[in-house]
Amino acid sequence: MASRNFQWEFLAASLTLTLALIHLVEANSEGDALYALRRSLSDPDHVLQSWDPTLVSPCTWFHVTCNQDNRVTRVDLGNSNLSGHLAPELGKLEHLQYLELYKNNIEGTIPSELGNLKSLISLDLYNNNLTGKIPTSLGKLKSLVFLRLNDNQLTGPIPRELTKIPSLKVVDVSSNDLCGTIPTGGPFEHIPLQNFENNSRLEGPELIGLASYDTNCN
């Protein structure tokens with residue numbers, strides 16, 4: 001009987017250790033993803049100084065919020081005088097709900113890997129210097145409520161994949177260089193036209209079935 005009890009205690013201890021190691025690996029992978037972002041950014045005001053990759057978990061870093069399971073749920077770096085590029089490794093933060101990088105000087109494209117952030121509620125990249133197209137992969141963000149990409153230099157059409165996000169309430173892509181027509185399907189039915197202003201090649205709202213959505217994009 002004592003031997004059997006010992007076996008159960010050993011198994012329970014092994015399971016506890018295994019779960020702890022899994023959490024440690026997951027925390028480290030999230031820390032690696034955030035540190036990749038730090039490496040891709042210039043930080044003259046040292047707001048990322050606490051982002052130490054030697055720590056077990058990024059949950060102690062400033063501007064990072066975690067849930068009770070020590071998984072990263074928020075990154076708050078709005079108006080932080082950051083420049084550089086967005087790291088595609090951000091797509092590994094599968095529990096991230098809020099990505100706040102507005103009012104910086106970030107350049108380059110929006111990584112398509114952000115479409116892997118299945119828990120994302122708010123994506124705020126407005127008032128930067130982002131270029132390139134809005135990734136169609138953002139249409140996979142089925143929990144997304146707020147998408148604010150205004151005041152950048154984005155080009156191309158508004159991806160129709162975004163009309164398939166039922167939770168989407170706020171979309172602002174004004175003051176870019178977008179082309180084509182303004183969607184009217186799905187959640188876009190309730191988005192005010194002012195959220196599409198100052199895109200000289202953007203027309204609309206589109207008439208379903210009568211116009212190609214990528215008009216004026218060539």
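This is a predicted model, so every value here is computed, not measured.
Residue Ile134 holds its CD1 atom at 6.0 Å from CD1 of Ile158, rounded to the nearest 0.5 Å. A distance of 10.5 Å separates CG of Asn105 from CG of Leu130, quoted to the nearest 0.5 Å. Here Ile110 contributes atom CD1 and Lys133 contributes atom NZ; the two are 13.0 Å apart, rounded to the nearest 0.5 Å. Once rounded to the nearest 0.5 Å, the distance linking CG of Leu82 with CG of Leu37 reads 8.0 Å. Atom-to-atom distance recorded for Tyr102:OH and Asn127:CG is 10.5 Å, nearest 0.5 angstrom. Once rounded to the nearest 0.5 Å, the distance linking CZ of Arg39 with CG of Leu41 reads 11.0 Å.
Between the side chain of Asn116 and the backbone N or O of Leu114 there is no donor-acceptor pair closer than 3.5 Å. Of the possible polar contacts, none joining the Arg74 side chain to the Val72 backbone as a donor-acceptor pair under 3.5 Å is found. Under the 3.5 Å distance criterion, the side-chain polar atoms of Ser137 are matched with a main-chain donor or acceptor of Ser112. No donor-acceptor pair under 3.5 Å is formed between the side chain of Asn150 and the backbone N or O of Tyr126. Side chain of Ser80 to backbone of Gly78: a donor-acceptor contact under 3.5 angstrom is found. Distance alone, capped at 3.5 Å, is enough to place a donor-acceptor pair between the Ser119 side chain and the Glu94 backbone. Not one N or O on the side chain of Thr73 forms a donor-acceptor pair closer than 3.5 Å with the backbone of Gln97. Not one N or O on the side chain of Asn129 forms a donor-acceptor pair closer than 3.5 Å with the backbone of Ile106.
Taking Thr60 as the reference, Leu55 meet the side chain to side chain contact (heavy atoms under 4.5 Å, CB included) condition, with sequence neighbours excluded. The side chain to side chain contact (heavy atoms under 4.5 Å, CB included) check on Glu161 picks up Thr136, Pro159, with sequence neighbours excluded. Partners of Pro166 by side chain to side chain contact (heavy atoms under 4.5 Å, CB included), not counting sequence neighbours: none found. In this view, Asn198 and Ser175 satisfy the side-chain hydrogen bond (donor to acceptor under 3.5 Å, both in side chains) rule, not counting sequence neighbours. Residues that satisfy the side chain to side chain contact (heavy atoms under 4.5 Å, CB included) test with Gln49, not counting sequence neighbours, are His46.
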Q: Check the pair Leu123 / Leu117 against side chain to side chain contact (heavy atoms under 4.5 Å, CB included), numbers first and verdict last.
A: CA-CA 10 Å; Leu123 179 58; Leu117 300 175; 5.9 Å; no
Q. Would Leu93 and Leu99 satisfy side chain to side chain contact (heavy atoms under 4.5 Å, CB included), going step by step from the backbone distance to the final call?
A. CA-CA 10 Å; Leu93 302 173; Leu99 182 56; over 6 Å; no
Q: Apply the test side chain to side chain contact (heavy atoms under 4.5 Å, CB included) to residues Leu178 and Phe196: give CA-CA distance (whole Å), side-chain angles for both, the deciding distance (0.1 Å), then the verdict.
A: CA-CA 9 Å; Leu178 300 175; Phe196 304 97; over 6 Å; no
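For residues 138-151, the set of pairs meeting the salt bridge (Lys or Arg N to Asp or Glu O under 4.0 Å) definition, not counting sequence neighbours, comprises Asp124-Arg148. Among pairs with a residue in residues 41-52, none fulfils salt bridge (Lys or Arg N to Asp or Glu O under 4.0 Å), at least two apart in sequence or across chains. Note on residues 170-197: pairs passing salt bridge (Lys or Arg N to Asp or Glu O under 4.0 Å), not counting sequence neighbours, are Asp177-Arg201. Counting only residues at least two apart or in different chains, salt bridge (Lys or Arg N to Asp or Glu O under 4.0 Å) contacts with residues 101-119 are absent. Pairs engaging residues 51-157 under the disulfide (SG to SG under 2.5 Å) rule: Cys59-Cys66 [sequence neighbours left out].
Cys217 and Gly156 get closest at one heavy-atom pair: SG-C, 4.4 Å. In plain terms, the two heavy atoms of Trp51 and Val64 that are nearest each other are CZ2-CG2, 3.6 Å. Minimum heavy-atom separation, Leu77 to Asn104: O-ND2, 2.9 Å. Between Phe188 and Thr163 the shortest heavy-atom distance is CD1-CG2, 3.7 Å. The two residues Leu149 and Asn152 make their nearest non-hydrogen contact at O-ND2, 3.0 Å. Of all heavy-atom pairs between Ile191 and Val171, the closest is CG2-O, 3.4 Å.
With hydrogens and angles left out, the side-chain atoms of Gln194 and Ser174 include no donor and acceptor closer than 3.5 Å.
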Show which side-chain atoms of residues 83-91 pair as donor or acceptor with protein atoms under 3.5 Å away, not counting sequence neighbours.
none

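Through chains of ILVMFWY side-chain contacts below 4.5 Å, Tyr98 is grouped with Ile121, Val145, Phe146, Val170.
We find that Arg71 and Asp69 are not joined by a salt bridge, their nearest charged nitrogen and carboxylate oxygen being 4.0 Å or further apart.
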